[in-house]
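Heads up, the thing below is written out as structure tokens.
Order of the sequence lines sets the chain letters (A, B, ...), proteins ahead of strands, with each chain counted from 1.
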Protein chains: 2
Amino acid sequence: MKALSQVGKYGLRAILYLVAYPSENSYMSIRQISDELNLSFHFVTKIFRELTAKGILISYRGPSGGVALARPADQIMLIDVVKALEGEDYFDKCLIGLPNCGTAKPCPVHEFWKEMKTKIQQNFTETSLATLGEKIRSQEFRLDD
Amino acid sequence: MKALSQVGKYGLRAILYLVAYPSENSYMSIRQISDELNLSFHFVTKIFRELTAKGILISYRGPSGGVALARPADQIMLIDVVKALEGEDYFDKCLIGLPNCGTAKPCPVHEFWKEMKTKIQQNFTETSLATLGEKIRSQEFRLDD
DNA sequence: CATATTTAAGAGTATTTTATCTTATTTAAA
DNA sequence: TTTAAATAAGATAAAATACTCTTAAATATG
Ligand code: SF4
Ligand code: SF4
């Protein structure tokens, strides 16, 4: 079940690295992140530009520049990042993608699928980047191979 | 949350039409299905060839030929169709797609995501095409616009 | 047998996604 | 002020996906 595009996967991993290993009062370079996670520097840069444009990251150019969270990690929810990376309609799309889809006369899997989507949406809404970063720092979870 | 490719979506809708409106002891032409659901005839044909090769459908050429379920609808589970259309590893792939992924040292969303995947997999395993076809015939559910 | 109907097979095209590359701009520090 | 470090922007390339088209094979029926 491929729930995220490459942009979504890389973007999440990259921002989680940023969250997990924050440099006090300063910016972290994209180069460091992409090197650590073995991701394409240019691709991560492009993804991060989008997150910056959407107000999730801030960036600073020049030496000792880089990126940083625009808000404290406990105020950025997983759903914010996922929607920024995959589109605001991420939770609107549905299993068999009927035209004019809705609850009025739904497809035969609607009931179950809607329930799943709601659960996932709720979890993503409740989960902050701070929570995930903490998990990574605890050493019991990882972001790369 | 795009859980299925176009092949998966079209394939599911098409096979569900076949299930919902079965022609007694006979084949239904792909043309009828694609016309009714407003899908590309050629594309549906290609998708159905795969389902036939995988033993989910049987086909018959020539006048009054077409496709039919290879087994009774209550013996084909939703998971069979989804795996045939999206790949046997459908439920192995995971949220942020880590290399060498597993439960040993998982990513920070693993616990929740694994639970969701398991729920979905269970539901798909328990849901037969017969059940879904019945829903459609009840007129409360639809397959197209 | 001749013809029409239907799926099989696969080549071919278009579009989207993924990834790379080049150039410009900003900024710190030597 | 020069240089190096860093992101911004967007062009380009490669790969995957989505879709279309053509030809072949099978089969029923007149
Ligand atoms: S009816 Fe429900 S599950 Fe089906 S495609 Fe629409 S929103 Fe999705
Ligand atoms: S650790 Fe779990 S959730 Fe994360 S990528 Fe691997 S299988 Fe998926």
Measure from the side-chain N and O atoms of [X] to the backbone N and O of [Y], and report whether any donor-acceptor pair falls under 3.5 Å.
X: Lys114(B); Y: Cys94(B); result: no
X: Lys83(B); Y: Phe91(B); result: no
X: Asp35(B); Y: Gln32(B); result: no
X: Arg71(A); Y: Ile76(A); result: no
X: Glu86(A); Y: Ser5(A); result: yes
X: Lys9(A); Y: Gly97(B); result: no
X: Asp80(A); Y: Met77(A); result: yes

What is the distance, to the nearest angstrom, from the [atom1] atom on [X] to the [atom2] atom on [N]?
X: Glu86(A); N: dT18(C); atom1: CD; atom2: C1'; value: 13 Å
X: Tyr10(A); N: dT17(C); atom1: OH; atom2: C1'; value: 12 Å
X: Asp35(A); N: dA6(D); atom1: CG; atom2: C1'; value: 14 Å
X: Leu4(B); N: dA18(D); atom1: CG; atom2: P; value: 11 Å
X: Leu18(B); N: dT7(C); atom1: CG; atom2: C1'; value: 14 Å
X: Ile58(B); N: dA8(C); atom1: CD1; atom2: C1'; value: 16 Å
X: Ile33(A); N: dA6(D); atom1: CD1; atom2: C1'; value: 13 Å
X: Tyr27(A); N: dT27(C); atom1: OH; atom2: P; value: 10 Å

Out of dA18(D), dT18(C), dC19(D), whichever nucleotide has its closest atom nearest the side chain of Val7(B):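 Nearest listed nucleotide: dA18(D).
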
Might you list the N or O atoms of the protein lying below 3.5 Å from N or O atoms in nucleotides 2-5 of chain C, with each pair's distance?
| from | atom 1 | to | atom 2 | distance (Å) |
| --- | --- | --- | --- | --- |
| dT5(C) | O2 | Pro63(B) | N | 3.4 |

Lys119(B)/Glu115(B) salt bridge by N-O under 4.0 Å criterion: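 Counted as a salt bridge, because a side-chain N and a carboxylate O are separated by less than 4.0 Å.
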
Ring geometry between Tyr10(B) and Phe43(B) (parallel below 30°, tilted from 30 to 60°, perpendicular above 60°):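 Rings of Phe43(B) and Tyr10(B): perpendicular, as their planes differ by over 60°.
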
Presence of Tyr60(B) side-chain N/O under 4.0 Å of dA28(D) phosphate oxygens OP1/OP2: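 Yes, Tyr60(B) has a side-chain N/O under 4.0 Å of OP1/OP2 on dA28(D).
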
Any Gln6(B) side-chain N or O less than 4.0 Å from OP1/OP2 of dT17(D): no

DNA chain C contacts among residues 36-53 of chain A, heavy-atom distance under 4.0 Å: Ser40(A), His42(A), Phe43(A), Lys46(A)

